[in-house]
Amino acid sequence: MNTLFGYPLDSKMILKKRKQLKRQLLEKLGTEVGLNRKIAILGGSTTHDVKDMLELFLLDAGIVPEFYESEYDQFWQDVMFDNQELVDFQPDIIYIHTSSRNIKRYPQMQDSSESVNDLLEETFQHFAQIWDKIAQKYQCPIIQNNFEPPFYRLLGNLDFTDIHGRRNFINHLNEKIVQYAGAHDNFYVNDIDYMAASYGLERWADGFAWHMYKYACAVEAIPELAYNLANIIKSLYGKKQKALVLDLDNTLWGGVVGDDGANGIEIGQETSMGQLYSEFQTYIKEHKDMGILLAVNSKNDEENARAGLSRPDTILRPEDFLIIKANWENKDKNILEIAQELNIGTDSLVFVDDNPVERDRVGQLVPEVKIPAMTDPAQYIRILDRSGYFEATSLSAEDVKRTAMYQQNAARKKAQASFTDYTEYLQSLDMKAEIAPFAPVYMSRIAQLTNKSNQFNLTTKRCTQADMEQYASNKDYITLYGKLTDKFGDNGVVSVVFGHSDAEDTSLFHIDLWLMSCRVLKRDMEVAMMDELVAKCQLRGIKVIKGYYYPTVKNGMVKEFYQQQGFTKVSEDDKGNTVWELYIEEYAKRNKVIEVIGTND
């Protein structure tokens, strides 16, 4: 497997061997180009170990971090008084590591309801001030810890409901953070409220660690905290998985359907084990509902597999899976075929199987696949959930409809097979393309695409939503998204292009990013996007467009893209990086079987 760290974490080992692990991770990266990011950690407590742990988990995901670390408890001052070192650092992400220890005042027993509300607002504004300042000054994503419960309850159970209770105060403060996050893009919460509860509050709130070292949590809890934080950062830059590949026997149900028959497997409400597997199936089904693709990889006869999935008391049905590989082939072979049929990389797959032999074989032969150690069915949900494979920093309309989109694509392929002339097939689709400058309603999806698309992506430039919003508001930039519908359904936003006018020569335009979803390849969408980009450039008096291709292990399919669009190659270095040039006056629009709408600025 391509990761050094699986869940549950071995925190003692990670803390002890951090330097050795870092060397291993850097060696593993080798000459591979990592994603370099500047991360500022502004702490209300000691953050050195948080930084070290976060670095390991990010390196493991191919993100190479550079850090700025505030002095102890200087998080507010660094932002509000423009610490020059922080200003010069120009962070890509700012993480504010605070905790309940940083709340200076709590309600007193003599305080009135009005006084408590005033204190709550004052405490909240102390933090909101720096969030607003960061958004204005640095225009980068903000990750803020919420607040874990207090480690004691002065009023016992009443502490939860009485306005004077610390527990009550922190709950209301967390609710204000929720409201702020809902009203502000590029603001994300590292949920240490949940982390502390999961870890165990008494262990988390280590008084010795605080008073001796000013650690906000127990030392051995730091890897857990940093792992959770790393999941947010990885998700922001598209380093998360897209599909679950699931075994059946003793994974989605108890027993072996080939031996026990569909009526003999344990699922449903009749037994405790059946209930346990039903709960796990419900958890998997919820992933499908948030846009995760599902596939089966099982050593079984397909008839038996489908019978097990068709029982009236199963949660997951055959139609919930895009692909069912129930056969006697090696599972590594099936995994490769599943990735190919879904048209995604094997590094986008999570393989879930109770059999350690199968897990080991797939891990050895397809090392990019993520493989959690699923041993105890009672822990299946916990292991998969805490692994953070599908961490969501946003949820777009396309995410919710993803399985339906893939099913529609299968219908398109079936329809294509009935045509002998490809142009006639394209005409039959009745395609309509909406191409327009970046719009707020699609900004989340646009940013998501830049971090997911690898094959049809000429420069593989990774951008956050904050980056995209800056480009959209900059008059020197031209931005375009492409949305495609046809008779089978809505493909959603499938293409993104942006670039900028040259600072010294405004008649020259540079394409910074051009990408497209592979599910709409060879359907004239790239031609429609190019036509609109050229038209926008003409309106600005631009004479020459420069395009760039930077090769990666995955984007070889677009190596000659600019040549196909009428560009001329002007340079190529020894790494294969190429520069292409198009004189607009020589560009001619091409016939295309696609109707373009919605192109007004």
Side-chain angles (χ1 to χ4, degrees), residues 242-243 291 293-295 318-319 321-325 336-345 348 397-399 401-436 442 445 449 452-458 480-497 514-535 554-567 587-599:
K242 300 176 183 177
L293 309 176
L294 303 185
E319 58 268 23
F321 297 91
L322 287 166
I323 299 170
I324 295 179
K325 296 278 186 187
L336 292 172
E337 291 179 359
I338 288 169
Q340 184 176 29
E341 290 174 36
L342 292 176
N343 199 20
I344 59 178
S348 295
E398 281 84 357
D399 289 327
K401 298 184 294 185
R402 183 165 289 115
T403 294
M405 287 178 174
Y406 272 78
Q407 289 169 337
Q408 290 162 6
N409 219 32
R412 292 182 189 101
K413 289 181 180 178
K414 185 176 180 181
Q416 181 183 345
S418 66
F419 284 84
T420 56
D421 185 276
Y422 187 68
T423 301
E424 287 182 10
Y425 162 68
L426 291 181
Q427 290 171 336
S428 77
L429 291 177
D430 189 24
M431 293 183 290
K432 292 180 174 61
E434 175 185 315
I435 303 175
Y442 298 128
R445 170 60 177 169
L449 264 179
K452 283 186 171 182
S453 301
N454 294 302
Q455 296 179 79
F456 197 117
N457 192 333
L458 284 106
L480 291 173
Y481 72 85
K483 191 170 184 285
L484 186 65
T485 60
D486 59 35
K487 69 178 183 181
F488 289 105
D490 186 354
N491 291 276
V493 176
V494 292
S495 188
V496 175
V497 178
W514 188 304
L515 63 82
M516 194 167 71
S517 170
C518 290
R519 67 173 180 263
V520 296
L521 283 178
K522 298 182 181 179
R523 289 176 58 186
D524 281 0
M525 191 65 187
E526 61 270 37
V527 177
M529 292 292 289
M530 182 61 78
D531 285 351
E532 292 304 318
L533 177 64
V534 170
K554 295 184 178 180
N555 72 352
M557 66 181 298
V558 291
K559 182 178 181 181
E560 304 301 329
F561 170 77
Y562 282 119
Q563 181 179 3
Q564 296 160 5
Q565 303 302 314
F567 285 63
Y587 182 79
K589 285 190 174 183
R590 290 150 289 175
N591 293 327
K592 49 189 177 295
V593 289
I594 191 167
E595 179 186 350
V596 179
I597 59 175
T599 58

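Considering CG of L480 and OG of S495, their distance stands at 8.5 Å, rounded to 0.5 Å. Note: M516 CE to L449 CG = 11.0 Å, rounded to the nearest 0.5 Å. Distance check, rounded to the nearest 0.5 Å: CD1 of I597 to OG1 of T485 gives 6.5 Å. If you take NZ on K522 and CG on L426, they are separated by 11.0 Å, rounding to the nearest 0.5 Å. From D531, atom CG reaches atom CD1 of I435 across 8.0 Å, with rounding to the nearest 0.5 Å. Atom CZ of residue R523 and atom OH of residue Y425 lie 6.0 Å apart, to the nearest 0.5 angstrom.
Counting all heavy atoms, side chain and backbone alike, Y587 lies closest to V527 at OH-O, 4.4 Å. For the pair P318 and I324, the tightest heavy-atom approach, listed with the atom from each and the gap, is O-CD1, 4.0 Å. In plain terms, the two heavy atoms of M530 and F567 that are nearest each other are CE-CE1, 3.5 Å. C518 approaches M557 most closely through the heavy-atom pair SG-SD, 4.3 Å. Here the shortest heavy-atom pairing between F488 and A415 reads CZ-CB, 3.8 Å. Between L521 and Y422, the shortest heavy-atom distance links the atoms O-OH, 4.3 Å.
K432 is linked by a salt bridge (charged side-chain N to carboxylate O under 4.0 Å, His left out) to D430, E595, counting only residues two or more places apart in sequence or in another chain. Here R412 pairs with D486 under the salt bridge (charged side-chain N to carboxylate O under 4.0 Å, His left out) rule; sequence neighbours left out. Every residue meeting the side-chain contact (heavy atoms from CB on, under 4.5 Å) condition with E424, not counting sequence neighbours, appears here in chain and number order: F419, D421, Q427.
The shortest distance between side-chain heavy atoms of N343 and Q455 falls below 4.5 Å. Using a 4.5 Å cut-off on side-chain heavy atoms (C-beta onward), D490 and K483 make contact. With a 4.5 Å cut-off on side-chain heavy atoms, N457 and V558 do not count as touching. Two residues are said to be in side-chain contact when any heavy atoms from C-beta on lie closer than 4.5 Å; W514 and Q565 fail this criterion. Contact check for M525 versus M431: no side-chain heavy atoms found under the 4.5 Å cut-off. Counting heavy atoms from C-beta on, the side chains of I323 and L293 never come closer than 4.5 Å. Under the 4.5 Å side-chain criterion, counting only non-hydrogen atoms from C-beta, K325 is in contact with E341.
When the shell of 6.0 Å around NZ of K559 is examined, it contains 12 or fewer heavy atoms from other residues, nucleotides or ligands. Remark: Q340 CD is loosely packed, at most 12 non-hydrogen atoms of other residues, nucleotides or ligands lying under 6.0 Å away.
By the 30° and 60° cut-offs, the orientation of the rings of F456 relative to F561 is perpendicular.
Side chain to side chain, E434 and Y481 meet the donor-acceptor criterion of an N or O pair below 3.5 Å.
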| request: May I have the step-by-step check of side chain to side chain contact (heavy atoms under 4.5 Å, CB included) for V593 and L429, ending in yes or no? | output: CA-CA 9 Å; V593 289; L429 291 177; over 6 Å; no

